[in-house]
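Structure record follows, encoded as structure tokens.
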There are 2 protein chains.
Amino acid sequence: MAPFIASWGIIGAGWISSMFVADLALPRPEVKDVLHSVAAVGARDKARAAAFIEKHLAKGATAQQQGLRPPPVAVGGYADLFARKDVDIVYIGTLHPTHYEDVKGALNAGKHVLVEKPATLNAAEWQELVALATEKQLFLMEAFWTAFQPAVVALRAKLHEEKVIGDIQAVSSNFSVPNYNVLPDDHRIIGLAAAGGPLLDIGAYGMVPARVALTDNPANKGAAPKVTCAMSKTRMGTDLDTTLILDYANLGARAVCNLSFNARMPREHTATISGTDGEVVIHDVLCRITKFSVTKYTPGQTPQTPGKWGEPQMFEYSFPGTGLYFEADVVARDIRDGRIENELVSHKYTSETLEIFDEARRQGGYILPQGMEKVGRVGVEDARL
Amino acid sequence: MAPFIASWGIIGAGWISSMFVADLALPRPEVKDVLHSVAAVGARDKARAAAFIEKHLAKGATAQQQGLRPPPVAVGGYADLFARKDVDIVYIGTLHPTHYEDVKGALNAGKHVLVEKPATLNAAEWQELVALATEKQLFLMEAFWTAFQPAVVALRAKLHEEKVIGDIQAVSSNFSVPNYNVLPDDHRIIGLAAAGGPLLDIGAYGMVPARVALTDNPANKGAAPKVTCAMSKTRMGTDLDTTLILDYANLGARAVCNLSFNARMPREHTATISGTDGEVVIHDVLCRITKFSVTKYTPGQTPQTPGKWGEPQMFEYSFPGTGLYFEADVVARDIRDGRIENELVSHKYTSETLEIFDEARRQGGYILPQGMEKVGRVGVEDARL
């Protein structure tokens, strides 16, 4: 059977879009069922879209390299891209304050959507978009690409199918980029006008071990964790050090996720997942995981005889490129098969992410400027203010 | 000059006292300036004190082994021990709910005091004891032995004198013992009648990296950290999983200390201290630290060139026995020199520990049974209730 060709329109010609299309252009002969075509790239300035294509898509994506689709075209303005008949799925790589309106525009034009993280600025915005996508029967997913990486897929199976460390009881994770006082205060990842700070920028990655070990745990039965947050602030009012404590009542388990744009921490052992029979250590930066180790624990025969730790066993799953193609393939298959949401990174999954962010912002007093959130306003009693 | 002989009376003939006297009895010819004598051991039951001496002090402590003091005697009842002329310093190894009254009894009898952790059940109790010790000009210290271990002394110097990792920005630590559902619910370390749970039982150890890296940091200028606590509970009402987040405003640094009687976490890398120029990893259980590694970081020349991590350098400081003799020697020297408090583990230092515990208990809703706290009652508005 001929491979299904996903026909993408890209909006936003910045860094993350360049990484995404570079991965769509990476030949992977081992994948037989799907190919990718970037039909069009849209930017507010058409020349910028053209330069982006020239730099990152000289030969097009995989379907275009095989001559199965024409080369990408540059489009000035997002509405014109949404209107194109050759675009089936819009990838939204714009800055996160505009995600809500960009997704809405794409859905209203009848396009499926993959939107970068954070999907929206709050859970209320997301719920409106989910309602719209459901009404129009269009696919909508947050680009939580880490969930689909081979190491993460393998880890999920080891934890929940093999139960390699028994019942999971604790998760501790660290993700930080020491940007503060290095980047300009108004930079998109730390400035207030762009809803910056580690919570919204890297929070989804910092929570990967918690989500994989606890949210994805069948014994959790889909329940949302209780959130406790400590947040320190930048002089701009965005968050600087954010610690999320997530308590999963059904599991009797706690995750502690440290996020920071202040500290550089830690180099190795970015996360530990502790269970009754051992522990898993993740050895990579949490957005792109390629290796983890499993160390088993055998309890002593009596309370007086000490238990015994085995030797760590390392599991490695390296891959070429950035690895954004794993989610792209998944999206292509979902759309091919007529699904409007992904089974794993479902609408509810993203909603839970955003509800955690909302609660963290409420507790930490991180209030976005008036008008930035299009639906609701987190941390403000009267959302019209 | 002849060595100074510290003449101890021990009350409480349980596990921790047995570890302490075993260390007082360990010959250490390299220590020239102080020796130890256990003049008396007191227990509510005199036969138990006698059995304790037979088992743990067959040859007496170091001064007794050299024939410089008579062998230890067994005493029934603490008041009789406090009254003995041959006891200069009382070591209090009783259960923590009685520490306040035991310390008070010893001070009122004119004895110096070393009291096990937690010094008292709350900060208010401690402050009364400090006032009493000051009035009577008697030495009083909490037995925070980890502070004096060679690895910890070396670490403190490397962090603050050598500034081996630059400015410290983050500390993450883990200390847990999976006791819950293993020990009986009324066991002294987890039951409510003994003020059990990880906060009061192992909290001081879990905070060792934070205290050494941040509290002991001269740039902190002696300020107390802001506390955020998440606490889950046992069915008995004691704490089960306690996460302490300590924010040090003067340093712009955060410590996250995970304590648990639920999870077994983690096997290695019990703590990470992150600084602008690198990181320190502690590789031991946090009560008894013998090794840590230092990994230096060299920033890239421009924001575009990545920084470079060096190879970890391991520092090891092993020692025989448990190592409680380090604090015992320090106490002996303080008393010899006429001090009423230790410079490092000062009255204020212990006060700060207990204020952190108090605030954590307030936030977590951990309320001790009526009458257990002799001064104040944490978490209850009207302390007379």
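Note on naming: letters A, B, ... go to the chains in the order of the sequence lines (proteins, then strands), and numbering restarts at 1 for each one.
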query = Under 3.5 Å, is there a donor-acceptor pair between the side chain of A:Ser274 and the main chain of B:Pro266?
reply = no
key: A:Leu354 side, atom CG; A:Asp358 side, atom CG - distance, nearest 0.5 Å   = 6.5 Å
query = Going through the distances and angles, do A:Thr270 and A:Ser173 end up as a side chain to side chain contact (heavy atoms under 4.5 Å, CB included)?
reply = CA-CA 6 Å; A:Thr270 48; A:Ser173 65; over 6 Å; no
ask   = Going through the checks in order, is the side chain to side chain contact (heavy atoms under 4.5 Å, CB included) test met by B:Val378 and B:Ile367?
value = CA-CA 7 Å; B:Val378 173; B:Ile367 294 179; over 6 Å; no
query = Where along residues 235-260 of chain B does a heavy atom come under 4.5 Å of chain A, listed by residue number?
reply = B:Asp241, B:Thr242, B:Thr243, B:Ile245, B:Gly252, B:Arg254, B:Val256, B:Asn258
inquiry  = Only heavy atoms, only distances under 4.5 angstrom. Which residues in residues 278-299 of chain A are near chain B?
reply    = A:Glu279, A:Thr295, A:Tyr297
request  = Under 4.5 Å, heavy atom to heavy atom: which of residues 198-208 of chain B reach chain A? Give them by number, or say none.
outcome  = none
message = Any side-chain to backbone donor/acceptor pair from B:Gln363 onto B:Val227? Under 3.5 Å, distance only.
response = yes
remark   = Interatomic distance, NZ@A:Lys163 vs NZ@A:Lys158, rounded to 0.5 Å, equals 14.5 Å
query = Can you tell me how far OG1 of A:Thr234 sits from CD1 of A:Ile190, rounded to the nearest 0.5 angstrom?
reply = 6.0 Å
note = If one checks every heavy atom of B:Ser176 against chain A at 4.5 Å, the contacting part turns out to be neither
inquiry  = Rounded to the nearest 0.5 Å, what separates atom NE2 in A:His160 from atom CG in A:Asn220?
reply    = 9.5 Å
message = What verdict does the side chain to side chain contact (heavy atoms under 4.5 Å, CB included) test give for A:Glu359 and A:Phe357, after you've listed the backbone C-alpha separation in whole Å, the side-chain angles of each residue and the deciding distance to 0.1 Å?
response = CA-CA 6 Å; A:Glu359 183 56 29; A:Phe357 292 171; over 6 Å; no
query = Rounded to the nearest 0.5 Å, what separation is found between the CE atom of B:Met19 and the CH2 atom of B:Trp15?
reply = 5.0 Å
request  = Output every pair passing salt bridge (Lys or Arg N to Asp or Glu O under 4.0 Å) with a member in residues 212-233 of chain B, not counting sequence neighbours, ordered by first then second residue.
outcome  = B:Arg156-B:Asp216
request  = Kindly say whether A:Leu324 contributes a backbone atom to a donor-acceptor pair with the side chain of A:Asp23 at under 3.5 angstrom?
outcome  = yes
task = Keeping the roles fixed (side chain from A:Arg264, backbone from A:Pro178), state whether a donor-acceptor pair exists under 3.5 Å.
result = no
ask   = Non-hydrogen atoms of chain A under 4.5 Å away: do they reach the side chain of B:Asp167, the backbone, both or neither?
value = neither
note = Interatomic distance, OG@A:Ser17 vs NE2@A:His56, rounded to 0.5 Å, equals 9.0 Å
note = Residue from A:Leu183, A:Thr272, A:Asn262 scoring the most non-hydrogen pairs under 4.5 Å with chain B is A:Asn262
